[in-house]
Amino acid sequence: LKNLFQVVSQNKKPVIADPEPLATTPKGLYLWGSVGTGKSMLMDIFYNTLPIPRKQRTHFHTFMQHVHTRIHVIRGSHRHSFDAIPHLAHEIAAHSWVLCFDELQVTDISDAMILRRLFAALVSRGVVFVTTSNRPPDELYKNGIQRKSFLPAISLLKRVNDVVELAGPIDYRKRDRMRIKVFFEGDDDGAVDLLWRRLVEDQPVAPLTLNYLGRHRTYPKTVDGTYLRTTFAELCGQPASAADYLRLATQFRVVVLTDIPQMNQQSRNEARRFITLLDALYEARRVLICQASTDINRLFEESGGEVDRLLVDDLKLEEKDYRIYGSGGGLCISKGCVKIDGDAIC
């Protein structure tokens with residue numbers, strides 16, 4: 001990062017008008033490793049101190065939401081068969097010479113096919129990537145449909161980036177934390193009901209509809225546009241994209257999610273949506289309160305397959321990772337903070 005910082009800081013790059021040769025662009029960085037090792041912190045330090053205006057730091061889900069939106073708009077202003085990728089790549093490169101992606105992962109075939117060409121178009125325009133991920137490049141989109149078509153994108157990422165594993169014995173998420181426990185295990189909803197009443201007090205509960213790109217999704221139990229109480233089946237049991245969860249995370253400050261089942265190979269789609277939801281809420285600094293049918297360490301039942309292993313790697317939740325509230329069971333996945341009767345869940 002230090003070397004990249006020096007090269008980028010000293011390079012007076014002009015506004016990009018045409019694609020540039022790859023040889024003129026400094027190598028980026030692909031930083032991967034387990035959760036809690038400080039990848040995002042290092043990237044944020046790099047980004048916040050980088051003295052150039054044309055830079056962007058974004059969660060990868062948010063970036064892909066923007067990509068899909070712009071492709072939709074660009075095609076709408078031309079004929080439907082218009083190739084939007086070069087146009088979009090030019091837009092991005094003109095705005096940002098350095099792109100910092102947090103939590104890069106590829107799980108969707110439409111994302112994979114777009115990224116295969118978009119990465120190449122951005123590199124040809126001299127864009128530098130600084131990326132964090134839980135997986136090395138060779139494991140991106142592993143076991144995905146038509147993965148062979150995505151392999152050139154993996155080769156490109158390895159060619160234009162220094163790939164560095166960040167490993168260590170310390171999980172920095174667990175240090176110096178006052179613990180609050182709000183992961184409730186079992187079928188007893190009494191503790192969840194009590195916590196919900198303390199959160200919303202006497203405010204009325206009403207449905208709220210969120211709109212995104214012409215899609216409408218109604219949440220029956222919301223309070224003041226800030227608090228949401230919902231079930232796993234409502235959020236993860238039906239088709240939903242990262243964009244849906246990002247929209248939810250921008251709206252609600254606190255999400256109470258109940259009836260989380262134990263997931264297995266047969267419910268891998270629901271598990272993948274659950275992981276995406278966690279990412280969106282965590283990045284937006286929202287509070288998540290959970291009630292599940294099983295212990296947090298058994299949320300996903302492994303059967304030994306490769307897909308199972310990758311999903312478990314992504315879930316990677318431990319009850320002791322999070323803050324303990326009161327004497328009940330509980331988990332709070334959050335970088336945000338909310339006060340209940342003067343006590344803070346942060």
| With respect to Asp111, which candidate in Gln105, His61, His68 satisfies the side chain to side chain donor-acceptor pair (under 3.5 Å) definition? | His68
Could you check whether any side-chain N or O of [X] sits under 3.5 Å from a backbone N or O of [Y], counting only pairs where one atom can act as donor and the other as acceptor?
| X | Y | answer |
| --- | --- | --- |
| Arg268 | Asn264 | no |
| Gln291 | Asp259 | yes |
| Arg286 | Leu281 | no |
| Glu139 | Pro136 | no |
| Asp244 | Ser241 | yes |
| Arg247 | Ala242 | no |

Find the distance between [atom1] ([X]) and [atom2] ([Y]) and round it off to the nearest 0.5 Å.
| X | Y | atom1 | atom2 | answer |
| --- | --- | --- | --- | --- |
| Glu270 | Arg272 | CD | CZ | 12.5 Å |
| Asp102 | Thr58 | CG | OG1 | 9.0 Å |
| Thr62 | Leu246 | OG1 | CG | 4.5 Å |

[X]: which residues meet the ring pair (Phe, Tyr, Trp, His ring centres under 6.0 Å) condition with it, sequence neighbours left out?
| X | result |
| --- | --- |
| Phe252 | Tyr219 |
| Tyr141 | Phe150 |
| Phe119 | Phe129 |

| said: Suppose we screen for salt bridge (charged side-chain N to carboxylate O under 4.0 Å, His left out). Which residues come up paired with Asp224, at least two apart in sequence or across chains? | reply: none
| For Tyr47, is the NZ or CZ atom of Lys55 found under 6.0 angstrom from the centre of its six-membered ring and inside 45 degrees of the ring axis? | yes
Do you know the tightest heavy-atom contact between [X] and [Y]?
| X | Y | value |
| --- | --- | --- |
| Ala284 | Ala249 | CB-CB, 3.8 Å |
| Lys39 | Ser34 | NZ-O, 2.8 Å |
| Pro220 | Val205 | O-CG1, 4.5 Å |
| Ser96 | Val127 | O-CG2, 3.9 Å |
| Ala240 | Leu235 | CB-O, 4.3 Å |

| query | With Ile71, which of Thr69, Ile74, Val67 fulfils side-chain contact (heavy atoms from CB on, under 4.5 Å)? | reply | Val67
| message | Given Tyr227, which partner from the list Val256, Val254, Val255 fulfils the side-chain contact (heavy atoms from CB on, under 4.5 Å) test? | response | Val254
| field | Steps toward side-chain contact (heavy atoms from CB on, under 4.5 Å) verdict (Leu31, Met43) | value | CA-CA 9 Å; Leu31 194 62; Met43 188 183 71; 5.9 Å; no
| side-chain contact (heavy atoms from CB on, under 4.5 Å) between Val223 and Trp196: does it pass, once the steps are laid out? | CA-CA 10 Å; Val223 173; Trp196 173 253; 3.9 Å; yes
Could you give the side-chain donor-acceptor pairs of residues 161-168 under 3.5 Å, partners two or more places apart or in another chain?
from   : atom 1 : to     : atom 2 : distance (Å)
Asn161 : OD1    : Leu29  : N      : 3.2
Asn161 : ND2    : Leu157 : O      : 2.9

| request: Assess whether side-chain contact (heavy atoms from CB on, under 4.5 Å) is satisfied between Arg229 and Asp193, documenting all intermediate values. | output: CA-CA 10 Å; Arg229 181 167 182 174; Asp193 291 338; 2.7 Å; yes
| request: May I ask you to decide whether Asp202 forms a salt bridge with Arg197, counting only side-chain N to carboxylate O separations under 4.0 Å? | output: no
| said: Pair Val287, Arg253 - check side-chain contact (heavy atoms from CB on, under 4.5 Å), show working. | reply: CA-CA 6 Å; Val287 173; Arg253 187 181 174 199; 5.9 Å; no
| task | Using only heavy-atom distances, determine whether the side chains of Thr276 and Asp279 contain a donor-acceptor pair under 3.5 Å. | result | no
| field | Residues forming a side chain to side chain contact (heavy atoms under 4.5 Å, CB included) with Ala120, sequence neighbours excluded | value | Leu156
